[in-house]
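Letters A, B, ... mirror the listed sequences (proteins, then strands); counts begin at 1.
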Protein chains: 2
Amino acid sequence: MTTSFETLAQQFRAQGHKLTQPRRAILRTLLATPKPLSPAEIQERGQKLYGDLGLVTVYRTLELMETMGVLRAVHVADGCHGYALATPGHTHHVVCERCHDVVEIVGCDLGHFLDRVAETTGYTITGHWLEISGICPACQRQQAR
Amino acid sequence: MTTSFETLAQQFRAQGHKLTQPRRAILRTLLATPKPLSPAEIQERGQKLYGDLGLVTVYRTLELMETMGVLRAVHVADGCHGYALATPGHTHHVVCERCHDVVEIVGCDLGHFLDRVAETTGYTITGHWLEISGICPACQRQQAR
DNA sequence: TTCGCAATTGAAAAAGATTTTCAGTACAGA
DNA sequence: TCTGTACTGAAAATCTTTTTCAATTGCGAA
C-alpha cells in the first residue's frame with residue numbers, strides 16, 4: 001500500500017511517458033506527505049526540488065496520473081479538494097477531518113449491497129467511489145488533552 | 001425518497017430562511033430533473049421561472065441547501081460535478097455514466113466494514129461519502145440496439 | 001391591512017482555479 | 001552523439017466562485 005518513487009516512475013515509462021525533472025519533482029512531492037495537496041501546493045513544494053516547476057505542468061501531470069489510476073482527488077470537509085496518491089485497483093481513502101492526513105485502504109465490502117442496488121434500481125453497476133472521513137490516531141490523542 | 005416542493009419549502013421556513021421567488025425558482029428547477037445541474041445550468045433553467053435569477057443567488061442558495069442537508073454535490077465521470085437533491089439522512093446517489101441521471105438510495109451496508117477500518121487504521125470513523133456509478137435502465141435499452 | 005426590519009438580492013468587480021497557446025527545451029531511443 | 005517529439009512554462013484566456021454594496025422584498029408584529 002505504500003508506493004515508491006520507482007514504482008511510479010516505472011508506470012510512467014510503461015505507458016510511454018517521459019520521466020522529466022518536473023515530473024520527478026511532482027512525484028517526490030506527492031510521496032513526501034500523507035496529506036492531499038492542491039495543485040498550487042504541489043507547485044510550491046515541488047519548486048524546492050525543481051526551481052522552474054510551472055503550475056500548468058502540475059495540472060497536466062495530475063491529470064495524467066489520474067488517467068493512469070495512480071492518483072485520486074480527495075475531498076476534505078468543506079468540499080475543497082486536493083490530490084493524493086492511490087494504489088491502482090480497489091482502494092479507498094480514509095481522510096482525517098482535523099489534519100487532513102489520508103490513509104489508503106483496500107476493498108470495501110459493498111459487493112452484495114451493490115447487487116441489491118442493481119436489483120432495486122435497475123442500474124447496471126459499473127463502479128463506485130467511496131471516501132471515509134474520521135479522526136486519525138494523532139488527532140485523537142491531541143483531542144483527549 | 002421523492003422530495004416535494006412543499007417539503008423543501010417547509011425546511012427553509014423551519015430554519016428561519018425566507019422563501020423568496022429566486023429560491024422557489026431554484027427549488028423547482030432542481031425538482032424538475034433527475035440530473036445533477038451545475039450552478040450555471042440552474043441559473044439558466046431557473047430564469048424560465050423567475051427572469052431575474054442571479055448566478056450569485058444560485059451559489060448562495062446551493063450552499064445554504066447543502067448546509068441544510070437537502071442537496072449534495074454529485075460527481076460525474078470526468079470530475080466535473082453538479083448538484084442534486086438529497087434526502088437528509090443515510091442516503092447515497094447512483095449516477096448513470098451515460099445520461100447522468102441520478103437515483104437516490106438508502107443505507108449502504110458499510111457498518112461492519114467501517115468497524116474494521118477503524119480497527120486497522122486506528123481512525124475514529126465519523127462519516128463516509130459514497131457514490132455509485134452505473135448505467136440506467138433507459139441507457140441499457142438504448143445500448144442494446 | 002400596513003409597516004418596518006433584516007434577510008435577500010443581483011450587477012459589477014474581484015479573486016481563484018484551470019485551460020489554451022506557442023516557442024523553446026529536454027528526454028530517450030536510434 | 002544526434003534527432004524527433006513529448007514536454008515545458010510564461011502569458012493569455014477562460015471558467016468558476018466569491019465579495020461588495022445599494023436596492024428590494026418577505027414575513028412577522030402591530
Side-chain angles (χ1 to χ4, degrees), chain A residues 5-6 8-29 36-68 71-83, chain B residues 5-6 8-29 36-68 71-83:
Chain A
F5 180 87
E6 271 317 306
L8 290 169
Q10 181 47 39
Q11 280 172 316
F12 267 75
R13 294 190 191 102
Q15 301 197 19
H17 298 296
K18 294 177 177 176
L19 200 61
T20 60
Q21 292 198 62
R23 286 177 176 172
R24 291 170 186 274
I26 291 168
L27 294 187
R28 294 195 191 286
T29 297
L37 300 171
S38 69
E41 286 171 319
I42 295 170
Q43 184 195 17
E44 184 190 345
R45 297 182 188 209
Q47 283 182 330
K48 290 164 180 157
L49 303 170
Y50 179 73
D52 279 344
L53 184 60
L55 186 54
V56 178
T57 298
V58 175
Y59 275 100
R60 289 191 189 111
T61 304
L62 292 178
E63 188 187 352
L64 178 63
M65 292 175 74
E66 243 184 323
T67 298
M68 291 165 63
L71 166 134
R72 197 174 293 152
V74 170
H75 293 74
V76 192
D78 56 358
C80 77
H81 66 273
Y83 292 87
Chain B
F5 179 87
E6 271 316 304
L8 291 168
Q10 183 44 40
Q11 277 169 316
F12 268 74
R13 296 192 190 99
Q15 300 198 20
H17 299 297
K18 293 177 180 177
L19 201 60
T20 61
Q21 289 198 66
R23 286 177 176 174
R24 291 172 187 272
I26 290 167
L27 294 187
R28 292 195 193 285
T29 297
L37 299 171
S38 70
E41 287 172 319
I42 296 169
Q43 183 195 19
E44 183 190 347
R45 298 182 187 209
Q47 284 183 330
K48 291 165 180 155
L49 304 172
Y50 180 72
D52 279 341
L53 184 61
L55 186 55
V56 176
T57 297
V58 175
Y59 275 99
R60 289 192 189 111
T61 305
L62 292 177
E63 188 188 349
L64 178 62
M65 291 175 74
E66 243 185 322
T67 299
M68 290 164 66
L71 165 135
R72 195 175 295 152
V74 171
H75 293 74
V76 193
D78 58 358
C80 75
H81 64 272
Y83 292 87

Between [atom2] on [N] and [atom1] on [X], what's the gap in Å once rounded to a whole number?
{"X": "A:Asp52", "N": "C:dG24", "atom1": "CG", "atom2": "P", "answer": "16 Å"}
{"X": "A:Lys18", "N": "C:dC27", "atom1": "NZ", "atom2": "P", "answer": "9 Å"}
{"X": "B:Tyr83", "N": "D:dT17", "atom1": "OH", "atom2": "P", "answer": "6 Å"}
{"X": "A:Gln47", "N": "D:dG9", "atom1": "CD", "atom2": "C1'", "answer": "11 Å"}
{"X": "A:Leu53", "N": "D:dG9", "atom1": "CG", "atom2": "C1'", "answer": "9 Å"}
{"X": "B:Leu62", "N": "D:dT18", "atom1": "CG", "atom2": "P", "answer": "10 Å"}
{"X": "A:His17", "N": "D:dT5", "atom1": "NE2", "atom2": "P", "answer": "17 Å"}
{"X": "A:Glu41", "N": "C:dG16", "atom1": "CD", "atom2": "C1'", "answer": "14 Å"}

Please determine if a side-chain N or O atom of [X] lies less than 4.0 Å away from the OP1 or OP2 oxygen of [N].
{"X": "B:Thr20", "N": "C:dA7", "answer": "no"}
{"X": "A:Gln21", "N": "C:dC27", "answer": "yes"}
{"X": "A:Arg23", "N": "D:dT8", "answer": "yes"}
{"X": "B:Tyr59", "N": "D:dT18", "answer": "no"}

Notebook entry, point to check: Hey, does A:Tyr50 reach any base, or is it just sugar-phosphate, or nothing, if we go heavy atoms under 4.0 Å?
Noted result: sugar-phosphate
Note to self: Using a 4.0 Å heavy-atom cut-off, does B:Leu19 contact any base of the nucleic acid, only the sugar-phosphate backbone, or nothing at all?
What the structure shows: sugar-phosphate
Check: Only one of A:Ile26, A:Thr61, A:Thr29 clears side chain to side chain contact (heavy atoms under 4.5 Å, CB included) with A:Leu53; which?
Finding: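 In the set A:Ile26, A:Thr61, A:Thr29, the residue that makes a side chain to side chain contact (heavy atoms under 4.5 Å, CB included) with A:Leu53 is A:Ile26.
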Check: Starting at the 5' end of DNA chain C and moving along, which residue's nearest nucleotide shows up first, B:Val58 or A:Pro39?
Finding: B:Val58
Hey, could you give me the [atom1]/[atom2] distance between [X] and [Y], rounded to the nearest 0.5 Å?
{"X": "B:Tyr83", "Y": "B:Glu41", "atom1": "OH", "atom2": "CD", "answer": "12.0 Å"}
{"X": "B:Asp52", "Y": "B:Gln47", "atom1": "CG", "atom2": "CD", "answer": "8.0 Å"}
{"X": "A:Leu8", "Y": "A:Arg23", "atom1": "CG", "atom2": "CZ", "answer": "12.5 Å"}

Check: Where do A:Leu37 and A:Arg45 come nearest, in terms of heavy atoms and distance?
Finding: CD2-CZ, 3.7 Å
Item checked: Closest contact, heavy atoms only, A:Leu19 versus A:Arg24 -> O-NE, 3.6 Å
Checklist line | Check: D:dT20 base within 3.5 Å donor-acceptor of B:Arg60 side chain | finding: yes
Next item on the list: Note down the inter-axis angle between the two ends of the helix from C:dT1-D:dA30 to C:dA30-D:dT1, five pairs each, to the nearest 10°.
Entry: 50°
Note to self: For a side-chain contact (heavy atoms from CB on, under 4.5 Å) check, start with the C-alpha distance between A:Phe12 and A:Lys18, then their side-chain angles and the critical distance, and finish with the verdict.
What the structure shows: CA-CA 7 Å; A:Phe12 267 75; A:Lys18 294 177 177 176; over 6 Å; no
